[in-house]
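Data block below; observations after.
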Amino acid sequence: KRADSSLSEMKFCVLVCFLSGLLSVVRGEMYTSLLNVKQAVRVERKLIDYLRTYIDHELDRLEDIKRFYAKVSNLHTELYKGPAVTMANPLVAFTLIKRLHSEWLNVVYSNEALENLQALRSSYEEEEADLPNLEDLQGAAKGLMRLQDVYALQVSSLVRGRFQRVTNGESVDVYMPAVSVQLSGDDCFLVGKVAYEQEDYYHSVQWLEESARLFRGAGEEWSPENEGTLEDALDHLAFSHFKTGNVSYALSLSQELLHHNPMNGRVLQNVKKYEKLLVAAGPPRGTGLTRPSSSFLRTRDTYERLCRTRGSQRRHFANPQLFCDYFTNNNPALILMPAEREVVSLQPYVVLYHDFVTDTEAEDIKSLAQPGLRRSVVAAGEKQATADYRISKSAWLKGSAQSIVGKLDQRISLLTGLNVKHPYGEYLQVVNYGIGGHYEPHFDHATSPSSPVFKLKTGNRVATFMIYLSPVEAGGSTAFIYANFSVPVVEKAAIFWWNLHRNGEGNDDTLHAGCPVLIGDKWVANKWIHEYGQEFQHCCSLNPQE
């Protein structure tokens, strides 16, 4: 029995270690995939049930307290105001003494409230492993700021649940959401605080301004779920304005803060400091907020302009070389069911194959991928690592010829004429984007000999075949930066392009990006096809410059 017990304990320890490792991977990455955000809704439903139970128990407890209050109040209203002979009654005297000695003690020091609260906390802790943590909150806040920047959205509009930008001096709707959610002062405070802690005062000023406005509007009303207060917002906002050079406004906000907390020594010192700076500098000069520069994103302006443009910039009527047709690729298997092909660009060569997958196939692919979704990585030298410029989760799917993945491989091979079997084609990568999910400008082909792309020992990525598995209401386009056009998400379609020239050199015009998802749940499946194995399918040119 002792040996069996030790074995059971060992198994339990192994299970705990496994679950701990699993949770360490999953937690802190909820914001990187909208699937995880949807799963969080189910967790909150449980928490709502726990809270309802707590409220019911507390209501029962309060009813008991109200009954005790009514009993004692009635005694003082009716009995104790009577003739003095009332107190001479030994029964009256006894009940008074007993009530003051024990009944009040039991009410005031009752453990029932603590027990109800402890039951709620225990239920909450059971779900804690599936709850978002600080990294998730920060990631979601950064996602909002990313959407604000890329789509030039007004923070004041976002706070009201609208997606608007200023065009020709007027607020114009970028998108009208079916469901509108307004943000609270505390919501804005937490977004501004994330920017503040990164010393990003361009964003912290805008979000904290809204936070202070909303807190002021709420007056002295306090909500137990809030982390921030008007004083917190003013404190962070004043310093943010100081760091952006707006000392006079920093002084004004600090003085307002002193009205709420006159004994705050640190703020008193700041007021003196700001006053001295203003005297030394003379009349205040107007300072505008300057957006932080990006060391990574050198093509930011082009990237954002293309993301903001709806649809492709390549118009078929403006360029007769671009066309739509029913494509068979001279393959007998496609004669009866040709593909609907739209040639989007000739340099680089980019085509859309409409209705490449069915609704059922798209759902099956997403279902297969869900258990294996992990935070997406990017090449970092010879290794791979997560990065803020790629926010999504992905999973790799293998498949036999009979499986849904195998059937997609066969279809891709028919359309492209390429050998997509592993290792000449990588396994199918399924990606789900998160809050403001995006992938900033990058090449699919390797640009360094040490890239992990070469681990398959099958050469570079000669072509990309990407399938749109879901619709997106707004945002999420694929933008080709140097080629100066973007392709919107087309549900069930697939986009194909060549990454390399015929001579094996990388095509710089394929620099592309996945624009942030504004509204929607974006799922794609990537198939990367390598050079080797294509010797008879995609021959080299006689011209070494081609």
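These numbers were taken from a predicted model, which means no experiment stands behind them.
Between His236 and Phe239, the distance separating the two ring centers is not shorter than 6.0 angstrom. Checked against the 6.0 Å centroid threshold, His438 and Tyr433 do not count as a close aromatic pair. Checked against a 6.0 Å centroid threshold, the rings of Tyr124 and Tyr50 do not count as neighbours. Taking the six-membered ring wherever Trp is involved, the centroid distance between the rings of Phe68 and Trp104 falls below 6.0 Å.
Residue Leu230 holds its CG atom at 10.0 Å from CG of Leu237, rounded to the nearest 0.5 Å. The distance from atom CG of Leu183 to atom OG of Ser156, rounded to the nearest 0.5 Å, is 11.5 Å.
Panel note: side chain Lys522, backbone Gly476; a donor-acceptor pair is recorded below 3.5 Å. Although no hydrogens or angles enter the test, the distance criterion places a donor-acceptor pair under 3.5 Å between the side chain of Arg390 and the main chain of Val377. For Ser211 (side chain) and Gly185 (main-chain N/O), a donor-acceptor pair under 3.5 Å exists by modelled atom type. In terms of modelled atom types and a separation under 3.5 Å, the side chain of Ser110 and the main chain of Glu112 share a donor-acceptor contact. At distances below 3.5 Å, at least one donor-acceptor pair connects side-chain atoms of Ser470 with backbone N or O atoms of Asp521. A donor-acceptor pair is defined here as one N or O able to donate and one able to accept, closer than 3.5 Å; such a pair exists between the side chain of Arg146 and the backbone of Gly436. Without hydrogens or angle criteria, Asn264 side chain to Arg266 main chain gives a donor-acceptor distance under 3.5 Å. Formation of a donor-acceptor pair under 3.5 Å by the Glu361 side chain with backbone atoms of Thr358 is found in this model. Not a single donor-acceptor pair under 3.5 Å links the side chain of Glu210 to the backbone N or O of Gln206. Remark: the backbone N or O of Glu231 is not paired with any side-chain donor or acceptor of Asn261 at under 3.5 angstrom.
Counting non-hydrogen atoms of neighbouring residues, nucleotides and ligands closer than 6.0 angstrom, the CD atom of Glu125 exceeds 12 such neighbours. More than 12 heavy atoms of other residues, nucleotides or ligands lie within 6.0 Å of NZ in Lys492, so this atom counts as buried by the packing criterion.
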**Prompt:** Between Trp528 and Gln429, is a side-chain hydrogen bond (donor to acceptor under 3.5 Å, both in side chains) present by the stated rule, with each step listed?
**Reply:** CA-CA 9 Å; Trp528 287 299; Gln429 185 197 55; over 6 Å; no
**Message:** Please evaluate residues Lys71 and Glu103 with respect to the criterion salt bridge (Lys or Arg N to Asp or Glu O under 4.0 Å), reporting the C-alpha separation (whole Å), side-chain torsions for both, the decisive distance (0.1 Å), and the verdict.
**Reply:** CA-CA 12 Å; Lys71 180 181 75 170; Glu103 291 184 17; 3.2 Å; yes
**Request:** I would like to know whether Gln138 and Tyr31 meet side-chain contact (heavy atoms from CB on, under 4.5 Å); could you show each step before the answer?
**Result:** CA-CA 9 Å; Gln138 292 172 338; Tyr31 71 99; over 6 Å; no
**side-chain contact (heavy atoms from CB on, under 4.5 Å) assessment of Trp523 paired with Val431** = CA-CA 6 Å; Trp523 287 80; Val431 184; over 6 Å; no
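Aromatic ring pairs are classed by plane angle as parallel below 30°, tilted from 30° to 60° and perpendicular above 60°; the pair His512 and His442 is tilted.
In this structure, Gly399 and Val405 approach most closely via the heavy-atom pair CA-CB, 4.0 Å. A pairwise comparison of heavy atoms in Ala238 and Tyr274 identifies O-OH, 4.3 Å as the closest pair. Closest approach of Arg165 and Ala152 over heavy atoms only: CB-O, 2.9 Å.
Looking at Asp130 and Arg42, no side-chain N of the basic residue comes within less than 4.0 Å of a carboxylate O on the acidic one, giving no salt bridge. Between Glu227 and Lys193 there is a salt bridge, since a side-chain N of the basic residue sits under 4.0 Å from a carboxylate O of the acidic one. A salt bridge is absent between Glu275 and Lys272: the closest approach of a Lys/Arg side-chain nitrogen to an acidic carboxylate oxygen does not fall below 4.0 angstrom. Look at Glu304 and Arg308 and you find a salt bridge, because one of the NZ, NE, NH1 or NH2 atoms lies within 4.0 Å of a carboxylate O, short of that distance. Ion pairing between a basic and an acidic side chain is recognised when a charged N comes within 4.0 Å of a carboxylate O; Arg300 and Asp149 show no such pairing. A salt bridge links Glu256 with Arg216: at least one charged nitrogen is closer than 4.0 Å to a carboxylate oxygen.
At a cut-off of 3.5 Å, with distance as the only test, a side-chain donor of Asn36 or Gln39 sits close to an acceptor on the other residue. With 3.5 Å as the limit, one finds a donor-acceptor pair spanning the side chains of Ser184 and Asp187.
In this structure, the side chains of Leu518 and Tyr151 come closer than 4.5 Å at one or more pairs of heavy atoms.
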For residues 54-63, please give each side-chain donor-acceptor pair under 3.5 Å, one per line with the distance, not counting sequence neighbours.
unit_1: Asp56; atom_1: OD1; unit_2: Arg52; atom_2: NE; d: 3.2
unit_1: Asp56; atom_1: OD1; unit_2: Arg52; atom_2: NH2; d: 2.9
unit_1: Glu58; atom_1: OE1; unit_2: Arg61; atom_2: NH2; d: 2.8
unit_1: Glu58; atom_1: OE2; unit_2: Arg61; atom_2: NE; d: 2.9
unit_1: Glu58; atom_1: OE2; unit_2: Asn116; atom_2: ND2; d: 2.8
unit_1: Glu63; atom_1: OE2; unit_2: Lys66; atom_2: NZ; d: 3.4

